[in-house]
Amino acid sequence: MLTDHDAQALLRAEHPDPFAVLGLHADADGRLWVRALLPGAVAVEVVAVGTGQRVATLAARGGTPLFEGPVPRRRQRFDYRLRITWDHGGSSVLADPYAIGPLLGDADLHFFAEGTHLRPFEMLGALPLTLGEGPHALAGTRFAVWAPNARRVSVVGDFNAWDGRRHPMRSRGSSGVWELFIPAAGVGDRYKFEILGAAGQVLPLKADPYARAAELRPGTASVVAALPPRRERAPERQVADTRGQPISVYELHAGSWRRHPDGRWHDWDELAAALPGYVAGLGFTHIELLPISEHPFDGSWGYQTLGLYAPTARFGGPEAFQRFVDACHAHGLGVVLDWVPAHFPTDAHGLAQFDGSALYEYADPREGFHRDWNTLIYNFGRVEVRNFLVGSALYWVERYGIDGLRVDAVASMLYRDYSRPAGEWVPNLHGGRENLEAIALLRRTAEVLGQEAPGALLFAEESTAFPKVSAPTFDGGLGFHYKWNMGWMHDTLAYLREDPVNRRWHHDKMSFGLVYAFSEHFVLALSHDEVVHGKGSLLTKMPGDAWQQAANLRAYYGFMWGHPGKKLLFMGQEFGQPTEWNHDAELPWGLLAQPRHAGIQRWVADLNRLYREQPALHALDCDGAGFEWLVVDERELSVFAWVRRDGQGREALVVCNFTPVPRPGFRLGVTGGAGAWREALNSDAAVYGGSDLGNGGQALAVQDQPAQGRARSISLTLPPLATLVLLPA
């Protein structure tokens, strides 16, 4: 009943509809036939489920691995297995994938095709499941992939000798989705997709875009893994508005925080045993991980990722990553993931030309190729691609209990002319430079997370003046909760690099951030980007000898923690790492044996403690009512002072001296009702490695003596290169 044309198409793995010819079918007379393509088989029998009785013997067609034969005395469909003798001498009894009907529902396919499927990861990818119940239930894996321009898609893997003829998939029509249930496949099996492109070419084997696990590089296969269960979000992590809460983030690269002596990474369980306790002990509120989604190249630090649903195999499996997240939560830490929807690498096994066409990327290189990073840019205008990206954001939050996402390279997404000269970019439909499709994606991500995962935070790494990045979408914003303040970081670091004698000429760099500090909800970020590529460490950016460098750094941290805005510090900078970050080695932990570095670490811990304890230092981080300059124009002295308020009557004073000259008897004009102030923190204290000059535990009485245009003032000693934080006595 099978034509030679169909048979040859099967053998060449080019048949457009394998389910029409493989499996159990009736001929024109109503007689049932079974057909199976089994390379490596020498004998095949059809046996009845339950009894194991042979009901038919299949013959090889013309010496090929295509076996077929009629089923005597059968006129109705029945449940069967194939008993196979292999050429290596072994045998097995397998269910026939081509006897199993479609498993994906029409509703799933419809919502995916229109780009509104909230959880595409539940329908696409490799999902282990069991069909039926009882003793004859069938365990296996349902594979599904989106490849609308393919002529044929096969699943290849450990379960079929990576032979693309064995398991061609069923096309689900206009949705572009292909699916197949393979009884022989299970958790831990490696697999890829073999795709015949529209032009008739067999593409390089492709990893699964929706894979939940992958093999360790340099391997590039996907790995069958269970769908993680939904994680219930604790009530305290469902706070929709965190602007009044202290947020202090410890950014880290999981592969280089600690290393074994032989250079091996610490896995998730080893990190869980040490990292959360360390970070919580320093008073941080959140951990932010550089991208931990699967990526082929270590040197990209995870930013050139291809596995937006798979925790990297470098540190263990998905279950181990879940245990790490749980350990962070047990220490009261939120977990933020660096998430990269802006671009992806061009590796042949990845998303590039996935089905032989520009599917995930823009086809026009003026839109789809990023020359800065030699990567491809997602086609944000394609609804299935937007669905893929938004689904990834929800997946991490919903399935692992992640508390927030930091979205990388937002500026490159917002503008079509980003890093492109005139004439080498494509305007939007209105002739403008904004990428309207990317803007729609970011807003959709914010709205889906807000609806499905209340309290999950979105941070934007965004360096332009694009308006309303951290405004809600209903107010015309992008929907982020916070935006990294890149301008503040660049200006203040430029000031701190100057020799103190020259700082008077750069005074405005420290105050300019307050001109726009409340135009967005900002995070003050001293991130990994500031300690790589020849920039030196934060410590070595500071001028002077070793003592002065440490003093400058402590004073800068005090300025930062006292300044409006949430905080972020990259690992190693909490103890003044003197070298650039090296992603191939662990942090220089031995430095903590030196009092100067241990003092910087203690200073950061005390800053975090006071920041969290004192509402005046965090409650109005994003509101101008919480800040007032007291001293902003003392250029010759390089002194700054301000008051922080919480709106409930509580206040704190922050005073910075950015010269190495002590200033006893400095008179500071004050406002408010406090009758006296006390020194709560002093970066020059001996316990932090300073000269121990300051105001000790004495109360600094407010006197009716004018200073800086105010009727009342206090007299205090300003230590050299130091920041003081004062509270009402």
Side-chain angles (χ1 to χ4, degrees), residues 115-116 118 239-243 247 249 288 291 303 308 336-343 367 370 377-383 385-394 396-397 402-419 427-430 432-489 516-525 527 565-566 568 621-623:
T116 59
L118 288 177
V239 179
D241 185 359
T242 59
R243 288 174 296 173
I247 294 179
V249 183
E288 180 183 315
Y303 286 100
L308 281 188
V336 178
L337 294 188
D338 227 328
W339 185 60
V340 189
H343 62 120
E367 299 177 283
H370 202 301
I377 300 171
Y378 286 104
N379 183 348
F380 303 118
R382 186 149 196 171
V383 295
V385 175
R386 287 217 295 260
N387 220 167
F388 169 74
L389 294 170
V390 177
S392 169
L394 180 59
W396 292 106
V397 172
I402 298 304
D403 301 283
L405 300 173
R406 178 265 196 184
V407 184
D408 179 61
V410 171
S412 75
M413 300 172 67
L414 294 177
Y415 296 103
R416 289 176 161 269
D417 63 345
Y418 182 89
S419 195
N428 63 33
L429 57 87
H430 303 299
R433 55 194 287 258
E434 296 80 12
N435 190 324
L436 303 179
E437 297 90 350
I439 292 169
L441 164 74
L442 294 171
R443 287 174 172 159
R444 171 72 174 164
T445 303
E447 290 168 353
V448 167
L449 288 182
Q451 170 188 326
E452 300 297 320
L457 297 174
L458 277 176
F459 300 84
E461 186 213 14
E462 207 284 313
S463 55
T464 75
F466 192 92
K468 294 188 172 184
V469 171
S470 57
T473 58
F474 62 75
D475 190 31
L478 291 183
F480 287 92
H481 298 89
Y482 298 99
K483 169 180 171 173
W484 278 20
N485 195 334
M486 313 296 281
W488 175 91
M489 178 268 298
Y516 59 86
F518 309 108
S519 61
E520 298 274 5
H521 306 147
F522 281 119
V523 173
L524 309 180
S527 75
K566 308 308 180 185
L568 180 143
D621 261 335
C622 304
D623 189 329

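All residue numbers in this chain count up from 1 along the given sequence.
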message: What I'd like to find out is whether the side chain of E288 reaches to under 4.5 Å of the side chain of D338, using heavy atoms alone.
response: yes
task: Show the numbers, then the answer: is there a side chain to side chain donor-acceptor pair (under 3.5 Å) between T464 and E462?
output: CA-CA 6 Å; T464 75; E462 207 284 313; 2.4 Å; yes
message: Rounded to the nearest 0.5 Å, what separates atom CD1 in I247 from atom CG in D621?
response: 8.5 Å
query: Is the shortest heavy-atom distance from the side chain of H343 to the side chain of S412 under 4.5 Å?
result: no
message: I need the L441 CG to L436 CG distance, nearest 0.5 Å.
response: 12.5 Å
- prompt: Do L568 and F459 come within less than 4.5 Å of each other through their side chains, counting heavy atoms only?
  reply: no
message: Please give me the minimum heavy-atom distance between T242 and Y482, naming the atom from each residue.
response: OG1-OH, 2.7 Å
query: What are the two closest non-hydrogen atoms of S463 and A411, and how far apart are they?
result: OG-CB, 4.0 Å
- prompt: Checking side chain to side chain contact (heavy atoms under 4.5 Å, CB included) for the pair L478/I439: CA distance, chi angles, key distance, verdict?
  reply: CA-CA 7 Å; L478 291 183; I439 292 169; 3.8 Å; yes
Heavy-atom pair with the smallest gap, counting every atom of W396 and I402: O-CG1, 3.1 Å
- line: On a heavy-atom basis, the closest approach of D408 and M413 is O-SD, 4.4 Å
task: For R382 and E437, run side chain to side chain contact (heavy atoms under 4.5 Å, CB included): C-alpha distance rounded to whole Å, both residues' side-chain angles, the deciding distance at 0.1 Å, then the answer.
output: CA-CA 8 Å; R382 186 149 196 171; E437 297 90 350; over 6 Å; no
Residues 470-477 side chain polar contacts: donor-acceptor under 3.5 Å, at least two apart:
from: S470; atom 1: OG; to: E520; atom 2: OE1; distance (Å): 2.5
from: S470; atom 1: OG; to: H521; atom 2: N; distance (Å): 2.9
from: T473; atom 1: OG1; to: E447; atom 2: OE2; distance (Å): 2.9

query: Checking side-chain contact (heavy atoms from CB on, under 4.5 Å) against R444, which of N387, L449, V390, L389 comes through?
result: V390
message: With heavy-atom distances below 4.5 Å as the criterion, would you say the side chains of F480 and V410 are in contact?
response: yes
query: CD of E367 to CG of N435: how many Å apart, nearest 0.5 Å?
result: 8.0 Å
task: For A456 and V397, work out which heavy atoms get closest and say how close.
output: CB-CG1, 3.8 Å
field: Heavy-atom side-chain contact between T445 and W339 under 4.5 Å
entry: yes
message: For the NE2 atom of H481 and the CG atom of L405, what is their distance to the nearest 0.5 Å?
response: 11.0 Å
message: Under the criterion side chain to side chain contact (heavy atoms under 4.5 Å, CB included), I'd like the reasoning laid out for L442 against L414: C-alpha separation, chi angles, the key distance, then a yes or no.
response: CA-CA 9 Å; L442 294 171; L414 294 177; 3.8 Å; yes
message: Show the nearest heavy-atom pair for residues E434 and N428, with the distance to one decimal.
response: O-ND2, 2.9 Å
task: Before giving the answer on side chain to side chain contact (heavy atoms under 4.5 Å, CB included), spell out for V249 and K566 the whole-Å C-alpha distance, their side-chain angles and the decisive distance to 0.1 Å.
output: CA-CA 8 Å; V249 183; K566 308 308 180 185; over 6 Å; no
task: Nearest 0.5 Å please: distance from the SG atom of C622 over to the NZ atom of K483.
output: 13.0 Å
message: Any non-hydrogen side-chain atom of V407 less than 4.5 Å from a side-chain atom of L458?
response: yes
- prompt: Got W484 and M489 here, is their nearest side-chain heavy-atom distance under 4.5 Å?
  reply: no
field: Whether Y516 and F522 hold their rings parallel, tilted or perpendicular, with breakpoints at 30° and 60°
entry: perpendicular
query: Where does the angle between the aromatic ring planes of Y415 and F466 fall among parallel (under 30°), tilted (30 to 60°) and perpendicular (over 60°)?
result: perpendicular
